[in-house]
4 protein chains.
Amino acid sequence: MSGSSFGNIFKITTWGESHGPGIGVVVDGCPAGLALNEMDIQSFLDRRKPGSSHFTTQRKETDSVEILSGTFEGKTTGTPISMFVRNTAQKSSDYSEIASYYRPGHADYTFDQKYGFRDYRGGGRSSGRETIGRVAAGAIASKLLTELGIIISAYTQAIGTIEIPNPERPLNEINIEEARSNPTGMPDKETSLKAEAYLKECMKKLDSAGGVIACRVANLPAGIGEPVFEKLDANLAKAILSIGAVKAFEIGDGIKVATVNGSSNNDSFRKNGSSVTKATNHAGGVLGGISDGSELILRAYFKPTPSIFREQETVNRDGEEITIQIKGRHDPIIVPRAVVVVESMTAITILDMLLQNMTARVDKIKNFYKK
Amino acid sequence: MSGSSFGNIFKITTWGESHGPGIGVVVDGCPAGLALNEMDIQSFLDRRKPGSSHFTTQRKETDSVEILSGTFEGKTTGTPISMFVRNTAQKSSDYSEIASYYRPGHADYTFDQKYGFRDYRGGGRSSGRETIGRVAAGAIASKLLTELGIIISAYTQAIGTIEIPNPERPLNEINIEEARSNPTGMPDKETSLKAEAYLKECMKKLDSAGGVIACRVANLPAGIGEPVFEKLDANLAKAILSIGAVKAFEIGDGIKVATVNGSSNNDSFRKNGSSVTKATNHAGGVLGGISDGSELILRAYFKPTPSIFREQETVNRDGEEITIQIKGRHDPIIVPRAVVVVESMTAITILDMLLQNMTARVDKIKNFYKK
Amino acid sequence: MSGSSFGNIFKITTWGESHGPGIGVVVDGCPAGLALNEMDIQSFLDRRKPGSSHFTTQRKETDSVEILSGTFEGKTTGTPISMFVRNTAQKSSDYSEIASYYRPGHADYTFDQKYGFRDYRGGGRSSGRETIGRVAAGAIASKLLTELGIIISAYTQAIGTIEIPNPERPLNEINIEEARSNPTGMPDKETSLKAEAYLKECMKKLDSAGGVIACRVANLPAGIGEPVFEKLDANLAKAILSIGAVKAFEIGDGIKVATVNGSSNNDSFRKNGSSVTKATNHAGGVLGGISDGSELILRAYFKPTPSIFREQETVNRDGEEITIQIKGRHDPIIVPRAVVVVESMTAITILDMLLQNMTARVDKIKNFYKK
Amino acid sequence: MSGSSFGNIFKITTWGESHGPGIGVVVDGCPAGLALNEMDIQSFLDRRKPGSSHFTTQRKETDSVEILSGTFEGKTTGTPISMFVRNTAQKSSDYSEIASYYRPGHADYTFDQKYGFRDYRGGGRSSGRETIGRVAAGAIASKLLTELGIIISAYTQAIGTIEIPNPERPLNEINIEEARSNPTGMPDKETSLKAEAYLKECMKKLDSAGGVIACRVANLPAGIGEPVFEKLDANLAKAILSIGAVKAFEIGDGIKVATVNGSSNNDSFRKNGSSVTKATNHAGGVLGGISDGSELILRAYFKPTPSIFREQETVNRDGEEITIQIKGRHDPIIVPRAVVVVESMTAITILDMLLQNMTARVDKIKNFYKK
């Protein structure tokens with residue numbers, strides 16, 4: 001069944017395999033009148049580019065985006081925006097061996113079971129390159145959200161057991177520029193250096209590491225999210241879990257809420273001039289699946305890169321148990337390059353639900369259509 | 001925007017407020033020929049019934065279900081199955097006070113912000129009674145899955161900091177009957193008694209507690225889940241987060257994967273007679289968003305009941321800061337009654353994706369339609 | 001697969017068989033703040049009620065609607081509106097015979113082929129009573145559209161070969177009150193009497209008749225409809241063809257456009273004060289699938305009631321050719337009672353697309369969310 | 001709102017403007033294992049190519065398709081198939097004038113009203129070139145249907161008032177090869193010549209013509225179509241009305257049913273060996289929205305090309321009434337090139353609903369998943 005679309009009003013459809021002609025996305029339902037050019041997209045894509053540090057593959061991927069439709073005279077027209085990134089750096093020969101066996105932690109076996117065979121070149125559709133389409137679409141969603149004053153910031157909170165200090169600190173104490181310049185995606189230089197040392201150790205041991213990405217949304221108005229199945233946090237959970245390698249999702253205090261009492265977990269409401277705020281934000285900005293006007297906070301937990309250079313045991317397509325040693329170029333960690341993917345999926349979800357909310361009230365509809 | 005439907009092929013639409021005439025669900029897309037009567041549904045609903053212990057509200061809710069359509073001569077016909085539970089035990093007077101202020105941890109404020117006003121009687125649409133529709137639909141999904149040999153078992157893993165020993169133990173070492181008879185939903189008598197003592201303590205302190213529900217799916221065939229946005233785990237995450245009070249979701253090892261290395265997290269494939277299995281199951285039964293034939297394991301983290309009897313600070317609809325004390329009957333914990341809700345949402349998701357998978361291969365389609 | 005829902009933002013889900021406990025609909029996504037009570041719905045349902053003339057079945061169907069959710073203190077709350085009409089006048093014994101054979105022109109055979117068996121009592125889900133849910137939902141859509149100044153008027157244009165004179169006349173020359181009081185649904189007394197005479201003749205011959213329903217929408221703003229698959233007229237076509245017995249759909253001049261030239265079919269634009277109008281309206285109010293601000297005009301062509309009292313040849317479930325004579329109470333024509341169904345489906349579609357249009361432009365979104 | 005996708009399980013998303021970089025489509029949900037290469041697509045696209053006769057524009061459009069994803073080693077993989085046709089022959093200068101005014105019969109005015117501005121080059125998204133994506137997707141759907149033995153044949157039934165003789169004749173008396181070689185798309189040489197003469201006359205008068213396309217589906221199994229809103233004919237109506245310039249849709253006898261009696265319109269069932277057939281096929285292969293195993297017949301009515309070379313009156317963007325004379329290259333009729341578009345939309349709809357039907361019965365699901 002079709003499964004490559006996400007969103008309802010602002011809907012994206014991604015396509016492409018890592019070793020086919022290219023990767024792309026169609027963004028349908030983008031409102032008309034948004035100033036948009038290829039640089040807006042490219043700056044997002046460059047944030048997931050490999051080759052920028054020791055911890056990302058040294059492949060030269062230019063990942064240049066071409067906008068094929070949906071803009072005219074520098075603005076979106078309301079029609080589908082098709083974006084295309086040609087694959088240029090792939091060598092299928094690198095991957096010929098993996099055709100015959102199932103790599104542990106990868107989707108080789110499950111694709112074979114589902115479809116009867118698979119495009120085995122570099123993971124095919126389950127390759128990390130699939131996220132290019134998400135990021136290109138996320139760049140558009142982010143740009144529109146920024147025009148509405150809504151700012152989304154993702155960064156690395158932890159790599160392995162190395163976590164930034166005081167991860168719950170206010171957003172204005174998170175140095176996002178620092179996060180974007182550090183090879184780890186962490187907003188603290190010192191912690192980042194520790195994490196880099198840990199990753200070098202992992203590489204030396206022919207092993208890989210996991211980590212945690214936090215994403216925070218500032219200035220989201222209250223009222224966003226549709227009861228009861230299209231809750232804001234439910235859609236964010238789906239958005240984040242749809243990213244390969246994510247194994248857990250938290251909103252607000254997340255798993256911690258299970259061990260505390262209601263008296264400490266409840267956020268008291270407070271008066272703030274003429275508006276209402278909360279004294280604390282254990283909820284992470286969502287009550288009953290609807291945004292409450294506080295900062296929205298979510299976390300994504302990534303498993304270690306499954307491609308490791310150690311010997312591993314597995315089974316080949318003939319059902320024989322074998323020992324393999326994966327070759328090629330593989331990041332020892334997924335997290336740093338996934339920061340912009342988490343940010344993009346969050347932006348796409350938030351924008352879609354912001355648009356969904358516009359039809360919630362008769363008085364506002366009347367006002368919209370009054371002459 | 002419409003947000004009360006879940007699922008694609010097997011689609012449920014729930015409706016109803018806690019203090020309106022009743023609660024219901026329409027199950028559309030249920031295949032024809034399933035033996036079904038009201039007892040099948042009632043046995044599921046009875047598992048979420050209040051009044052069965054000290055830790056659930058003492059309201060007398062019979063919650064008797066009536067099937068209004070979609071069956072004929074004891075079997076489903078393929079047409080929508082409408083199910084209806086009349087509200088009988090609600091007294092609106094209990095709730096008149098909460099009309100004027102925003103209860104901390106509840107959706108009062110966000111509904112007001114979204115819709116301009118709200119049905120304030122007992123939480124309206126955001127009441128826990130909304131889950132009646134989910135459970136009625138889940139009973140049908142579970143029955144059909146059982147006929148396909150697929151068994152879904154949810155139980156309480158932890159209440160507050162009290163956790164069952166060795167929560168990762170094999171499913172056959174989990175005593176599901178015990179879980180269903182204990183007031184906590186825990187599969188171990190001893191741990192359950194500890195948790196009961198803890199809950200009594202909470203009640204004495206006019207406070208509430210959170211907890212963790214685990215859900216495991218046995219005999220799920222490999223190949224279920226649709227890349228890349230309709231991944232099996234992504235849809236399960238949405239299903240679980242759409243349940244009120246859930247703040248985190250894990251598949252397999254969940255958050256733990258962030259701190260381990262690839263060499264320990266990867267599950268090796270093994271030969272098992274003519275089929276393929278995994279030596280371990282850190283992945284929780286899903287690789288690349290597609291089931292791998294292993295047991296599927298997920299966890300849902302619930303916050304403490306937000307309605308507590310202690311004094312709390314909040315704001316009223318006029319924007320004044322006030323101190324409130326919630327009255328009425330409220331469970332000190334949501335978890336025990338939510339076990340069957342988690343099980344139901346899992347069943348609905350699994351069945352829907354099982355049906356979605358039927359069109360994955362040309363050879364199987366040809367076989368289906370051959371004369 | 002689920003097929004009982006219609007609409008995207010304003011979404012309806014109907015359920016119920018003619019001889020089960022009842023018929024109903026869930027309206028999800030109705031904006032909050034619309035004044036609504038059961039009388040609003042009942043007045044629409046009464047327009048499709050049988051027993052009001054010689055040409056409709058003499059069954060006593062009260063068809064009393066109960067609103068089960070989604071309103072509070074006389075207004076919609078934004079949550080699903082569940083409506084229920086209990087079946088009261090059905091006698092299954094009337095229909096026991098048809099269990100064994102396939103009535104010509106009915107869906108008996110196709111339901112059996114699809115589902116393996118069928119609820120044979122009175123047509124089950126393919127009964128005309130299924131439209132009760134559509135009409136109940138249409139009443140809500142119409143009420144909201146009326147508040148936006150948009151008026152939908154359906155009436156009978158033709159019965160058999162008897163057509164109202166000058167069917168293309170301006171809407172203000174169509175007497176809608178007359179149409180609603182005449183048993184034929186025609187807006188002209190004289191033509192209606194001719195049609196009544198024709199129908200009596202049909203009944204005498206144990207035969208049935210078809211007809212045409214026109215539906216016109218006044219004051220629809222320009223810009224409604226989503227290129228390229230969610231065109232306004234494409235969705236209306238689906239809405240109308242989803243009504244049982246409809247075999248053709250026209251927008252504007254419809255089939256006539258195939259035989260004329262562009263020079264006569266094109267509608268010239270004209271200045272009208274500060275706005276733009278068209279000199280003619282061959283297009284029927286839609287250009288490129290988007291409303292152009294002119295009156296919207298569509299037509300639905302209904303086949304004769306398939307249940308006729310003459311002897312007919314058919315096949316039974318054992319595959320034997322037999323001669324049957326249908327008994328019971330059946331209208332000699334579907335059209336008069338279907339007028340309000342066409343009006344309802346048009347209203348639901350128009351409202352849904354009006355809501356969809358609210359996210360078309362960045363400037364309007366900014367304006368909506370500005371503080 | 002997103003409106004560029006069609007289909008549910010087999011879902012297509014088209015994109016592209018006539019004068020942007022290109023036109024394309026993403027086909028998501030195509031089952032794995034279908035042999036497919038670019039020639040399969042190209043042969044369909046060539047059927048809508050201009051320049052093949054006097055009656056189609058003399059622009060040189062090569063319309064070469066590139067498959068960018070979703071196939072591996074000559075077979076579909078189950079992942080999205082992205083297809084791309086670069087625009088090569090467009091000269092924007094041809095269209096610069098139309099930026100300032102609204103062409104009668106075109107979507108210029110409605111796009112401006114909806115989006116605030118438009119891509120005015122050659123109609124932008126409402127150009128006929130948009131159908132390239134539909135036809136590329138239709139080629140895939142047709143190929144898969146052919147493997148299932150289902151054959152779809154569209155042809156021109158009428159141009160202006162010139163109709164093929166005996167249009168209701170059996171499909172085996174329709175010469176489809178003749179239809180594909182005649183410039184009119186008509187299956188009769190003699191009628192085609194008459195129509196050609198008529199079209200030459202139209203061109204001489206600087207005018208344009210409309211026409212009718214018939215589409216017939218052979219070997220469709222009974223049981224396809226989902227009650228009550230996803231009826232087979234309802235979805236076909238939407239598919240056909242979504243094609244620009246279509247103003248009416250008929251299934252089976254279509255508008256004629258309104259004037260006949262039930263006794264002549266009902267199709268008697270007959271025994272045919274061990275299976276059931278119908279003595280006649282007024283229904284056009286659909287009963288209650290579900291295929292009945294007979295041939296499916298539909299008709300699409302096209303308006304004349306709105307771009308004519310005569311002087312026309314209209315209004316410019318400043319609201320002034322002006323007289324215009326359209327230049328450039330425009331077909332005097334849309335119909336011949338639209339035949340393959342009707343065939344494609346029919347194929348896409350039929351395939352999608354054939355896949356939807358696979359989950360209708362518990363017994364068949366059990367059989368599908370049995371080990």
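Throughout, a chain's letter reflects where its sequence line sits, starting with A, and its residues are numbered from 1.
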I need the [X] [atom1] to [Y] [atom2] distance, nearest 0.5 Å.
{"X": "A/Leu34", "Y": "C/Arg361", "atom1": "CG", "atom2": "CZ", "result": "14.0 Å"}
{"X": "C/Tyr369", "Y": "A/Glu147", "atom1": "OH", "atom2": "CD", "result": "15.5 Å"}
{"X": "A/Glu226", "Y": "C/Thr79", "atom1": "CD", "atom2": "OG1", "result": "12.0 Å"}

Worksheet item: Hey, does C/Phe368 have a side-chain heavy atom less than 4.5 Å from the side chain of A/Leu148?
Response: no
Worksheet entry | Which of A/Pro227, A/Ala360, A/Cys30, A/Pro80 touches chain C most, by non-hydrogen pairs under 4.5 Å | A/Ala360
Worksheet, complete the sentence: Among A/Lys364, A/Lys75, A/Lys370, the residue with the most heavy-atom pairs under 4.5 Å to chain C is A/Lys364
Fill in: Close approach to chain C in residues 346-357 of chain A, criterion heavy atom under 4.5 Å
A/Leu354, A/Leu355, A/Asn357
Worksheet item: If every non-hydrogen atom of A/Ile365 is compared with every non-hydrogen atom of C/Pro31, which pair is closest and at what distance?
Response: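 The answer is CD1-CG, 3.3 Å.
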Part of [X] lying under 4.5 Å from any heavy atom of chain A:
{"X": "C/Ile150", "answer": "neither"}
{"X": "C/Ile9", "answer": "side chain"}
{"X": "C/Pro221", "answer": "side chain"}

